[in-house]
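First listed ligand is number 1; within each ligand, the first listed atom is number 1. For the numbers below, each heavy atom of this structure counts, side chains included, while hydrogens, waters and symmetry mates do not.
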Amino acid sequence: MRIETIYQSLGVSARVFQYGERVLDALAPRFAQIDATAEYNQCKVLHAMQRNHVNAAHFAATTGYGYNDEGRDNLERVYADVFHTEAALVRPQITCGTHALAVALGANLLPGDELLSPVGAPYDTLEEVIGIRESAGSLKEYGVRYAQVDLLPDGTFDYPAIARAIHAGTKMVTIQRSKGYAARPTFSVSQIGELIAFCKQCKPDLICMVDNCYGEFVEAREPSDAGADLVVGSLIKNPGGGLAPIGGYICGRGDLVARCAYRLSAPGLGQEVGANLGLMPAFYQGLFLAPTVTAGALKGAIFAANVYERLGFRCIPDAREPRHDIIQAVELGSREGMLAFCKGIQRAAPVDSYVDPVPWPMPGYDADVIMAAGAFVQGSSIELSADGPVRPPYAVFFQGGLTWYHAKLGILMSLQSLLDAGLVDWKEEA
Ligand SMILES: *Cc1c(COP(=O)(O)O)cnc(C)c1O
């Protein structure tokens, strides 16, 4: 049985397959590094589960108020151990990453306080949470001010400007680890650590929060190992391991996480309420699988950069750079390119493979967004997906893949789609 034959039955021509194999030949040492990080993180997660005596009783469903929900409380201890923090809030009632971030910010900023982003503009959906774009219920409406220091042209931190921006009213700093939909580098945990140390040198009582979306388990350390007071993310990205059907997490200092719980439920109730609705098996098992799933996604991202850079497309990160999140941006330069790429990803999916993605005005974004995703969990971006706002430079953001083999197929299918549309070509090497 030749592997080419089964790929052909999926729609990948021999030409595209062989091109992919040539690219892969050079990637073995990097894939070995990714496997080593996954092995370390698997041990880290196992250690946290063993230390907290995870057992079958923790998988029981609770309903109603959810008082004394031991499965939920223990999962929060497991997360706190994985992230090396005092406390964690891990809940299905946190609906997505934006919600988790909004809770963390809203809980710890009071009227008159100022929030500083020292890494340029935050993720699109945070603009409305903060009030950069007018929105009902924004922090701005509640009298929370916002300041921003942009990155230097080379993508590094503008330390003198950050020092000038921090003053007596600055209460909290928000640092986004991943590039999101921006054309800037993703920061390593050690870079984030340096930035936090600098901010705290300027004002020791600053609360430093890291938007950790897409970064979990990419490195052996998390931002909470580098001085972050709060790390926040979504369970339908890396830490849910593809199994969590909803949810978000906030890990960090005990007093700050407690405030988040009061904001999420109600003052006085906090972490005591919130039934788990039968989701504990998915949350525990998803976390258990997360290091391996993240490794597969990371291999897919690196493969994509190496495939597309050779063909002359700008890739961020580029083909050789070290990785600090699972997102791969490929600048396709045209609307048609974005559509063809996304069509190929969609064709590779286990679910909804027969539909064509079309751009739509998605809530929270200021341009039409195209999304290719054929996921078991709707909108899950740890599953193989590609999306992006349809605006110059027409960059598609590719991420996920619950297994490396699926990520590989997705990239080959995207290339096939661009080739079939006449948007790309190459000369065979001898
Ligand atoms: C995905 C993401 C968010 C928002 O998460 P949603 O679950 O889509 O609301 C915030 N910040 C970054 C960097 C992200 O990647």
Side-chain angles (χ1 to χ4, degrees), residues 89-106 115 117-130 132-133 135 137-139 148 151 173-189 191-192 209-218 222-223 228 230-242 244-251 264 286 294 297-298 301 316-317 323-329 360 362-366 369-373 375 377-389 395-400:
L89 184 67
V90 187
R91 301 286 169 129
Q93 286 81 15
I94 301 177
T95 56
C96 61
T98 304
H99 186 198
L101 289 157
V103 167
L105 293 170
L115 170 68
S117 172
V119 295
Y123 192 76
D124 292 51
T125 57
L126 267 286
E127 290 185 355
E128 284 175 289
V129 170
I130 294 166
I132 300 168
R133 268 187 290 143
S135 189
S138 70
L139 290 169
Q148 179 177 312
L151 296 170
V173 167
T174 179
I175 300 167
Q176 184 180 308
R177 177 173 176 180
S178 169
K179 74 173 95 56
Y181 285 148
R184 55 99 158 154
T186 288
F187 306 121
S188 69
V189 170
Q191 281 176 302
I192 290 171
M209 180 189 87
V210 173
D211 173 353
N212 207 25
C213 283
Y214 287 129
E216 299 91 351
F217 301 122
V218 171
E222 298 294 337
L230 287 169
V231 289
V232 182
S234 163
L235 297 198
I236 61 168
K237 293 180 180 172
N238 310 13
I246 192 169
Y249 76 88
I250 301 171
C251 296
L264 177 66
T294 303
L298 208 47
I316 306 163
R323 298 284 160 155
H324 310 293
D325 67 7
I326 63 164
I327 303 188
Q328 181 61 52
W360 66 298
M362 199 178 153
Y365 298 86
D366 67 354
V369 174
I370 184 163
M371 286 204 155
V377 172
Q378 306 272 302
S380 166
S381 47
I382 186 61
E383 294 188 53
L384 187 67
S385 49
D387 49 66
V396 106
F397 293 78
F398 166 89
Q399 66 269 314

Trainee: Which protein heavy atom lies closest to atom 13 (C) of ligand 1, and at what distance to 0.1 Å?
Mentor: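 Protein heavy atom with the smallest distance to atom 13 (C) of ligand 1: D211 OD2, 3.4 Å.
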Trainee: Who gets closest to atom 1 (C) of ligand 1 by heavy atom: K179, K237, H99?
Mentor: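 Selected option, by shortest heavy-atom distance: K237.
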Trainee: By number and element, which atoms of ligand 1 are closer than 4.0 Å to a non-hydrogen atom of Q176?
Mentor: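 So the atoms of ligand 1 that pass are 13 (C).
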Trainee: Do K237's NZ or CZ and the ring of F397 fall within the cation-pi criteria of under 6.0 Å and 45°?
Mentor: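 No, K237 does not lie over the aromatic ring of F397.
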Trainee: To which protein heavy atom is atom 4 (C) of ligand 1 closest, and what is the distance rounded to 0.1 Å?
Mentor: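 Result: T98 OG1, 3.3 Å.
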Trainee: With the side chain counted from C-beta on, respond yes when P317 and T186 share a heavy-atom pair under 4.5 Å apart, and no when they do not.
Mentor: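 Counting from C-beta outward, P317 and T186 never come under 4.5 Å.
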Trainee: Should you measure from each heavy atom of Y214, which atoms of ligand 1 turn up under 4.0 Å away?
Mentor: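 Within the 4.0 Å cut-off of Y214, ligand 1 contributes 15 (O).
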Trainee: Show your reasoning for whether side-chain hydrogen bond (donor to acceptor under 3.5 Å, both in side chains) applies to Q399 and S385.
Mentor: CA-CA 6 Å; Q399 66 269 314; S385 49; 3.0 Å; yes
Trainee: Could you go through R323 and Q328, starting from their C-alpha distance and side-chain angles, then the distance that decides it, and tell me whether this counts as side-chain hydrogen bond (donor to acceptor under 3.5 Å, both in side chains)?
Mentor: CA-CA 10 Å; R323 298 284 160 155; Q328 181 61 52; 2.5 Å; yes
Trainee: Closer than 4.0 Å to some heavy atom of C96 - which atoms of ligand 1 meet that?
Mentor: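 Taking each heavy atom of C96 in turn, ligand 1 has 7 (O), 9 (O) under 4.0 Å.
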Trainee: Can you find a non-hydrogen atom of L101 under 4.0 Å from ligand 1?
Mentor: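 Within the 4.0 Å threshold, so yes.
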Trainee: Quick one: are R177 and E222 in side-chain contact, heavy atoms under 4.5 Å?
Mentor: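 Yes; the side chains approach each other to less than 4.5 Å.
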Trainee: Who's the nearest protein heavy-atom neighbour of atom 7 (O) of ligand 1, and how far?
Mentor: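 Closest protein heavy atom to atom 7 (O) of ligand 1: G97 N, 2.7 Å.
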Trainee: Give the C-alpha distance, both sets of side-chain angles, the deciding distance and a yes or no for side chain to side chain contact (heavy atoms under 4.5 Å, CB included) between L105 and L139.
Mentor: CA-CA 8 Å; L105 293 170; L139 290 169; 3.9 Å; yes
